Each structure stands twice: as structure tokens, then as C-alpha cells.
Trainee: 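Sharing a structure with you now.
Residue numbers run from 1 in the order of the sequence given. The structure displayed is predicted, hence computed values, not measured ones.
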Amino acid sequence: MEKTAKPMYGGQAVIEGVMFAGKTHSVTAVRRKDHTIEYFRLPRQANPTLAFLKKIPFVRGIVAIIEASANGAKHLQFAGERYDLDPGEEEALQTAKADSSKLSLVLGVTVVGVLSFLFAKTIFTLVPVFLAACFKPLFPGKMAQILIEGAFKLALLLAYIYFISMTPLIKRVFQYHGAEHKVINAYEAGLPLTVENVQRSSRLHYRCGSSFILFTVIVGIFVYMFVPTDPLWLRVVNRIALIPVVLGVSFEVLQFTNKLRDIPVLRWLGYPGLWLQLLTTKEPTDDQVEVAIASFQELLRLEENIEMETKAVQ
């Protein structure tokens, strides 16, 4: 079936569910312990400053990442609290929330989500620096050090993903990640969102955050060529300072490869990210696909209602 131009939607796998985000809302659907599906609907607040920044190349990627981390943390919290909750335990959950620490109230889930992302990115950036420095007696050249640093970063990333994917919980999250991609691929192909159609769609997608993470490794190698690697303290400082640059450029590369995915000769530029998704996604079950479809259809319903209300006002 010929593909038609459609709005671009993003998504995220959560514990026993899937989140999808659109222009006006983000929605998470999770499979509860009693096999029912519960929804978390989060309206997107209009922010003129953020809207302006999202139009600036290389800056828009950083804004999008921070916003996604902040909103994603709220959906992850919802899924973590609700998926294994028995039908009669809602009152106990509300009491536990009321007794939560002042630290949680002050920081909030949004800030914690952003800080968690920045902390993880800093760790994955700096550990390869020190590992590469250990091999400096054998590979003293600047180019050799940058390449070794990139190799360690890639090895660390792959090892981390591989080992966490062996745990039952993360394996199921990766299955929901695959279900998320399948729904988006079926939707973008213009297929009716049935379990059968979605299951026949690919679990890999060019706009995936997994691809973005891999691109940060590749882009970092090129960016680091323009700054010194000695002494070590300066190398550490410029790696931290260049995190926004690497993120911003990587986001543009991700968007660029997505635009080229239908061009036979150039679509291979996005293949490294797709190969990484072979680790970060797993084939979902029909039940998991049902949850992903329910989440996406609820998002479409909310956005359609907003569009109808806007037209009625005009």
C-alpha cells in the first residue's frame, strides 16, 4: 500500500505498556494485573519559548530531548505504580503518595527525569575517556585516542543493553518497544490498526531513540577532532562541555536519515541505528500489541477532539 503523508508521532515503552506523544497530548496505556487496560493522559502545555527554540536547528534537538525526558518520567512513574496494582489497592497508593518525602515534592518527577538523563549521559561520556587514557602509552596519538574512546563508548553501550535485556522485566519492556514501533510503522503505511496488520509491520524505526544514542557515539568521534585531548583534565572538561553539541548534531543526523529512508541508495545511512534496535526491541505478543494499539488510538481520539473543538471555535 502506498504511504501517505501523516503527522509524526513519537513513543516510548514503559513497564507493561506504551506511551505515544502527539501535538496536544501524550498517552500511556498499561496492562493491569487484572488484564484491563488503564490510561494516563497528559496534555501538552503550550510554551511559546520552547516552540521558538524548536525551530532552531541544533538547538531544537536539545529542547526535544529534555522535554521528552521530563514527560517520559511522568509516564514511567504512572506505569510503575499501576501495572501490578490489584483493583482494591488504589486507596493505599494515594496514601503512599500523600506520605512521600519533601525531596520528591520539591524536585518533582519532571526534574528527576531530566537529571537522570543528564547523569547517565555524563557517565557514558566520561568512563570511555578514562579507559582510553589508560591505553595512551600504546596509542598516544590524538586520532588514535579519539577512536579508542569511541570504541569503548560503543562497547559500553552494547554491553549495557545486552546485559539488561537478559532480565525478564527489561525483556518485556523491549517487547513493548517493538510493539510501539510496529504501531507507528503500520500507521505511517496507512494500514488499519489491527493486531494482524501491526504484527506484520517491522519492529525497527528510523526515528527511534536507540538510533539517536548510537549517533551520539559516531558524531562524538567527529566533534572531538576539533578539541585537544591533552591534558586529561582538559579532555574531561571539553567532553562535558560538548555534550549539548553532540546531542544537537546527533538529533539533526537522526532527522536527516529519517528523511532519506525511502531513497534506496541513501537509506543505508540509518542502518547502524536500525541494527542497534535489534537489541533494544523484541518481537511482541498479540496482547502487548493490543496495548500499544489502544494507547495510540486513544491519542488519536484526543487529538481529533481538540481539532474539532478548535474548528468549532473558529
Side-chain angles (χ1 to χ4, degrees), residues 1-47 50-51 54 64 67-83 85 87 90 109-110 173 175-203 205 207-209 258 281 284-314:
M1 181 178 295
E2 184 180 355
K3 293 184 180 181
T4 58
K6 292 179 177 293
M8 289 194 302
Y9 292 97
Q12 174 182 331
V14 297
I15 301 175
E16 292 303 324
V18 175
M19 180 273 281
F20 285 105
K23 289 184 178 181
T24 64
H25 286 78
S26 54
V27 175
T28 286
V30 296
R31 179 80 72 179
R32 292 281 299 275
K33 206 172 183 179
D34 60 354
H35 303 294
T36 60
I37 296 177
E38 183 174 355
Y39 299 92
F40 174 61
R41 306 165 182 88
L42 184 65
R44 300 187 70 169
Q45 303 298 324
N47 189 313
L50 292 181
K54 286 181 180 179
E67 186 178 36
S69 299
N71 291 333
K74 298 175 184 178
H75 289 273
L76 287 169
Q77 183 188 42
F78 165 79
E81 289 175 346
R82 307 296 296 186
Y83 83 98
L85 199 64
E90 282 84 356
V109 177
T110 298
V173 171
Q175 285 179 294
Y176 277 107
H177 190 191
E180 173 220 328
H181 285 181
K182 282 174 175 281
V183 167
I184 292 293
N185 281 324
Y187 171 77
E188 292 180 344
L191 298 173
L193 294 181
T194 64
V195 173
E196 293 76 14
N197 286 338
V198 171
Q199 284 286 37
R200 284 196 293 267
S201 301
S202 172
R203 76 176 202 259
H205 197 282
R207 291 197 310 273
C208 177
N258 181 62
T281 64
T285 64
D286 288 350
D287 287 346
Q288 291 169 327
V289 167
E290 286 178 357
V291 175
I293 292 174
S295 177
F296 191 66
Q297 289 181 330
E298 177 64 11
L299 174 63
L300 294 180
R301 184 188 70 81
L302 291 174
E303 300 223 312
E304 182 179 354
N305 288 344
I306 293 293
E307 184 177 353
M308 292 177 62
E309 292 174 2
T310 302
K311 290 181 179 179
V313 172
Q314 296 174 346

Trainee: Over all heavy atoms of both residues, which pair between Ile293 and Val195 is shortest? Give the atoms and the distance, please.
Mentor: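 Scanning both residues, the minimum pair turns out to be CD1-N, 3.8 Å.
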
Trainee: Any idea how Tyr9 and Tyr187 line up, ring-wise: parallel (<30°), tilted (30 to 60°), or perpendicular (>60°)?
Mentor: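 Judged by the thresholds at 30° and 60°, the geometry between Tyr9 and Tyr187 is perpendicular.
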
Trainee: If you measure from the Lys or Arg side-chain nitrogens to the Asp or Glu carboxylate oxygens, is any gap between Glu290 and Arg31 under 4.0 Å?
Mentor: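 Result for this pair is yes, salt bridge flagged.
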
Trainee: How long is the straight-line distance from CD1 of Ile306 back to NE2 of His25, given to the nearest 0.5 Å?
Mentor: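 Between atom NE2 of His25 and atom CD1 of Ile306 there are 5.0 Å.
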
Trainee: Heavy atoms only: give me the nearest Leu50-Glu67 pair and the separation to one decimal.
Mentor: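 The pair with the smallest heavy-atom distance is CD1-OE2, 4.4 Å.
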
Trainee: Is there side-chain contact between Leu42 and Phe78, with at least one heavy-atom pair below 4.5 Å?
Mentor: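 The answer is no, as the side chains (C-beta and beyond) never meet within the 4.5 Å cut-off.
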
Trainee: Taking all non-hydrogen atoms of both residues into account, name the closest pair between Gln175 and Pro284 and its distance.
Mentor: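 Heavy-atom minimum between the residues: O-CB, 3.3 Å.
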
Trainee: In Å, rounded to the nearest 0.5 Å, how long is the span from CD of Glu38 to CD of Glu81?
Mentor: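 Glu38 atom CD to Glu81 atom CD measures 10.5 Å (nearest 0.5 Å).
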
Trainee: Could you go step by step and tell me if Val18 and Phe296 meet the side-chain contact (heavy atoms from CB on, under 4.5 Å) rule?
Mentor: CA-CA 9 Å; Val18 175; Phe296 191 66; over 6 Å; no

Trainee: Thr281 side chain to His177 main-chain N or O, any donor-acceptor pair under 3.5 Å?
Mentor: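 Answer holds: no.
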
Trainee: Could you give the distance from CD1 (Ile15) to OG1 (Thr28), rounded to the nearest 0.5 Å?
Mentor: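 Going from CD1 on Ile15 over to OG1 on Thr28, the span is 11.5 Å.
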
Trainee: With side chain to side chain donor-acceptor pair (under 3.5 Å) as the criterion, how do His75 and Ser26 come out once you've worked through the C-alpha distance, each side chain's angles and the decisive distance to 0.1 Å?
Mentor: CA-CA 9 Å; His75 289 273; Ser26 54; 2.8 Å; yes

Trainee: Applying side chain to side chain donor-acceptor pair (under 3.5 Å) to Thr36 and Asp34, what does each step give before you reach the verdict?
Mentor: CA-CA 6 Å; Thr36 60; Asp34 60 354; 2.7 Å; yes

Trainee: Calculate, to the nearest 0.5 Å, the distance between atoms OG1 and OH belonging to Thr285 and Tyr176 respectively.
Mentor: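 So the OG1 of Thr285 and the OH of Tyr176 are separated by 6.5 Å.
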
Trainee: Roughly how far, to the nearest 0.5 Å, is the SG atom of Cys208 from the CD atom of Gln12?
Mentor: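 Answer rounded to 0.5 Å: 10.5 Å.
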
Trainee: Quick one: does Ile184's side chain get under 4.5 Å of Arg207's, heavy atoms only?
Mentor: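 Yes, close enough: below the 4.5 Å cut-off.
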
Trainee: In plain terms, say whether Glu304 and Arg301 are close enough for a salt bridge, that is, a side-chain N and a carboxylate O under 4.0 Å apart.
Mentor: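 No, no charged N to carboxylate O under 4.0 Å.
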
Trainee: Please find the pair of heavy atoms, one from Leu76 and one from Ala13, that lie closest to each other, and give the distance.
Mentor: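 Heavy-atom minimum between the residues: CD2-O, 4.2 Å.
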
Trainee: Working note: Lys33 + Glu16, criterion salt bridge (charged side-chain N to carboxylate O under 4.0 Å, His left out); need CA distance, chi angles, decisive distance, verdict.
Mentor: CA-CA 10 Å; Lys33 206 172 183 179; Glu16 292 303 324; over 6 Å; no

Trainee: Donor-acceptor check, side chain of Arg82 to backbone of Arg32, threshold 3.5 angstrom: yes or no?
Mentor: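 No; judged by distance alone, with no hydrogens or angles, the pair does not exist.
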
Trainee: For Ala21 and Leu299, which heavy atoms make the closest approach, and how far apart are they?
Mentor: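 Of all heavy-atom pairs spanning Ala21 and Leu299, the closest is C-CD2, 3.7 Å.
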
Trainee: Can you name the closest pair of heavy atoms from Ala292 and Glu180 and give their distance?
Mentor: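 Looking at all heavy atoms of both residues, the shortest contact is CB-N, 4.4 Å.
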
Trainee: Run the salt-bridge test on Glu298 and Arg41 with the 4.0 Å N-O cut-off and return the result as yes or no.
Mentor: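 Counted as a salt bridge, because a side-chain N and a carboxylate O are separated by less than 4.0 Å.
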
Trainee: Hey, could you give me the OG1/CD distance between Thr194 and Gln199, rounded to the nearest 0.5 Å?
Mentor: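 The CD atom of Gln199 is 10.0 Å from OG1 of Thr194, to the nearest 0.5 Å.
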
Trainee: Could you tell me whether the side chain of Lys182 reaches within less than 4.5 Å of the side chain of Asn185, counting heavy atoms only?
Mentor: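 Contact flag for Asn185/Lys182 side chains = no.
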
